[in-house]
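One structure is given here, and the rest of the page talks about it.
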Number of protein chains: 2
Amino acid sequence: MLKLSKKADYGLMALQHIAANQYADVARARVVNTKEIAEEYHIPVELLAKVLQTLAKSGIIDSHNGPKGGYLLGRNPREITIAQVLESLEGPLGIMDCSHEKEGDACMQREHCNIRTPLLKIQSSIYQLLNNMTLQDMMGGTPLITIQSVATEQQGVER
Amino acid sequence: MLKLSKKADYGLMALQHIAANQYADVARARVVNTKEIAEEYHIPVELLAKVLQTLAKSGIIDSHNGPKGGYLLGRNPREITIAQVLESLEGPLGIMDCSHEKEGDACMQREHCNIRTPLLKIQSSIYQLLNNMTLQDMMGGTPLITIQSVATEQQGVER
DNA sequence: CTTTTGTACGACTGAATTGATCGGAGATCA
DNA sequence: TGATCTCCGATCAATTCAGTCGTACAAAAG
């Protein structure tokens with residue numbers, strides 16, 4: 001329950017990877033393409049492509065066509081929040097169906113609905129939570145910086 | 001996204017209704033049955049029945065058979081948390097697949113997974129949130145106490 | 001004590017969401 | 001100009017979920 005979809009999973013992984021390659025070492029900033037990410041994390045290429053396209057359409061990442069093309073972050077990692085990513089990939093996030101419903105097509109239970117108010121509070125809290133954590137924060141605790149610099153950075157992470 | 005299922009919706013509504021009838025007025029505490037709740041909130045009876053059975057099996061409510069039978073809360077409303085209800089109806093709640101996975105059958109991405117740690121933190125926060133809000137809290141802000149005792153209890157709640 | 005009513009309970013079926021796939025068009029670099 | 005790579009649409013399969021049906025059981029009525 002409350003499990004987020006594969007799209008979201010893949011999207012977050014990809015973003016972390018892109019960010020790492022772009023910001024970890026300024027001198028070695030490079031563009032990563034779909035195939036590379038897919039192979040690295042064992043994700044079906046076509047599905048990942050679709051995810052990245054969606055993210056690009058939202059402006060979270062920028063796409064570069066042609067050979068040597070790929071993706072780059074659209075803005076600073078600390079200005080990309082989890083909430084933005086999830087909303088881009090799965091639409092507006094709401095605990096219940098009647099989260100943002102106009103009058104009229106409301107659910108049948110609406111008039112007698114006794115749980116709407118408290119659930120809205122919970123939803124608001126969750127949104128704040130997701131909107132406070134940025135891509136920058138996600139990179140902090142990660143042992144793996146980039147594929148090739150693994151050998152150099154060899155600290156013993158969690159075990 | 002993150003939307004909770006109909007089961008959860010119905011379950012929470014029903015619990016609120018049961019609690020209201022049981023605790024609002026000690027003198028008029030009464031047992032409510034499936035049919036009554038279903039008609040009141042326009043929920044398919046059989047589905048609601050299934051939900052209530054699940055909750056009963058978890059000990060959240062007690063079932064009473066035969067005519068004049070129905071359901072009562074298994075324990076005090078302030079000892080029933082949203083998290084307990086959701087887990088009863090939809091299994092353990094986890095943001096991701098690998099939330100509580102043993103070593104071995106882990107996902108393919110596990111070794112390279114760069115988002116596990118931060119997501120676990122978010123998940124933990126959400127769980128705390130859901131586990132801190134009780135059925136008692138949900139009853140506070142509700143205008144409708146019970147169907148028949150509306151006339152007696154006429155305090156102006158939030159408006 | 002038997003019958004009747006109304007309830008809980010479990011298995012089953014259909015529908016919808018989601019994960020995954022395929023094929024083609026356009027753009028960029030060598 | 002040719003080859004590589006991304007973008008974009010439509011399509012298919014699988015899992016999950018909402019909803020339904022039939023049975024067994026317990027309590028009240030006769």
Side-chain angles (χ1 to χ4, degrees), chain A residues 1-11 13-14 18 30-39 41-72 74 86 88-94 96-97 107-109, chain B residues 1-11 13-14 18 30-39 41-72 74 86 88-94 96-97 107-109:
Chain A
M1 180 53 199
L2 284 182
K3 202 176 52 183
L4 41 79
S5 66
K6 297 284 184 188
K7 286 186 197 172
D9 277 345
Y10 297 160
M13 287 188 205
I18 295 173
R30 65 195 197 83
V31 183
V32 294
N33 61 20
T34 307
K35 191 181 171 189
E36 172 185 326
I37 303 179
E39 289 179 352
Y41 298 95
H42 303 93
I43 302 174
V45 238
E46 301 86 359
L47 182 56
L48 178 61
K50 197 173 180 179
V51 169
L52 292 177
Q53 289 160 22
T54 306
L55 289 176
K57 200 174 289 181
S58 301
I60 295 177
I61 53 178
D62 289 332
S63 67
H64 294 272
N65 239 342
K68 301 284 180 181
Y71 292 98
L72 284 175
L86 295 185
S88 167
L89 292 175
E90 315 200 26
L93 40 89
M96 45 202 162
D97 301 326
C107 62
M108 209 62 63
Q109 298 91 353
Chain B
M1 180 54 198
L2 284 182
K3 200 176 54 182
L4 41 79
S5 68
K6 298 282 183 188
K7 286 187 198 172
D9 278 344
Y10 297 160
M13 286 189 207
I18 294 174
R30 64 194 198 84
V31 183
V32 294
N33 60 19
T34 308
K35 192 180 171 188
E36 172 186 324
I37 303 179
E39 289 180 351
Y41 297 96
H42 302 93
I43 301 173
V45 239
E46 301 86 359
L47 181 56
L48 178 61
K50 197 174 179 180
V51 169
L52 292 178
Q53 289 160 23
T54 306
L55 290 176
K57 199 173 290 180
S58 301
I60 295 177
I61 53 179
D62 290 331
S63 70
H64 294 271
N65 238 341
K68 301 284 179 182
Y71 291 97
L72 284 175
L86 295 185
S88 168
L89 292 175
E90 315 199 27
L93 39 89
M96 45 200 160
D97 302 326
C107 62
M108 210 63 63
Q109 297 91 356

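Naming convention: chains lettered A, B, ... in sequence-line order (proteins, then strands); numbering from 1 in each chain. Quick caveat, the model's predicted, so the values are computed rather than measured.
Between C/dT21, D/dG9, C/dA8, one nucleotide has an atom nearer to the side chain of A/K57 than all others, and that is D/dG9. Distance from the side chain of B/N65 is smallest for C/dT7 among the nucleotides C/dC9, C/dT7, C/dA27. With D/dA18, C/dA20, D/dG19 as the candidates, the nucleotide lying closest to the side chain of A/K50 is C/dA20. Checking D/dA18, D/dT6, C/dA8 against the side-chain heavy atoms of A/N33 singles out D/dT6 as nearest.
Spacing between atom CG of B/L4 and atom C1' of D/dA18 amounts to 15 Å, rounded to whole angstrom units. Between the OH atom of B/Y71 and the C1' atom of D/dA26 there is a distance of 13 Å, given to the nearest Å. Residue A/E46 contributes atom CD, which lies 14 Å from atom C1' of D/dG9 at whole-angstrom precision. Protein atom CD1 of B/I43 is 13 Å distant from nucleotide atom C1' of D/dG19, rounded to whole Å. Per the geometry, CD1 belonging to B/I61 stands 15 Å off P belonging to C/dT7, to the nearest Å. What separates CG of B/D62 from P of C/dC9 is a distance of 11 Å, to the nearest Å. Computed from coordinates, the B/K6 NZ to D/dT20 C1' distance equals 17 Å when rounded to whole Å. For A/L2 and D/dC17, the CG to P distance is 12 Å, given to the nearest whole Å.
Taking only side-chain nitrogens and oxygens, B/S63 never comes nearer than 4.0 Å to OP1 or OP2 of C/dT7. Note on A/Y10: a side-chain N or O is less than 4.0 Å away from OP1 or OP2 of C/dA20.
Each of A/L47 and A/P67 was matched to the nucleotide of DNA chain C holding its nearest heavy atom; the match closer to the 5' end belongs to A/L47. Of the two residues contacting DNA chain D, namely A/A56 and A/K3, the nearest-nucleotide position lying further toward the 5' end is that of A/A56.
Residue-level contact check: B/K35 touches neither bases nor backbone, having no heavy atom under 4.0 Å from any strand.
Considering A/L47, A/I61, A/I60, A/N33 as possible partners of A/L52, the one that fulfils the side chain to side chain contact (heavy atoms under 4.5 Å, CB included) test is A/I61.
Residue B/H42 holds its NE2 atom at 14.0 Å from CD1 of B/I37, rounded to the nearest 0.5 Å.
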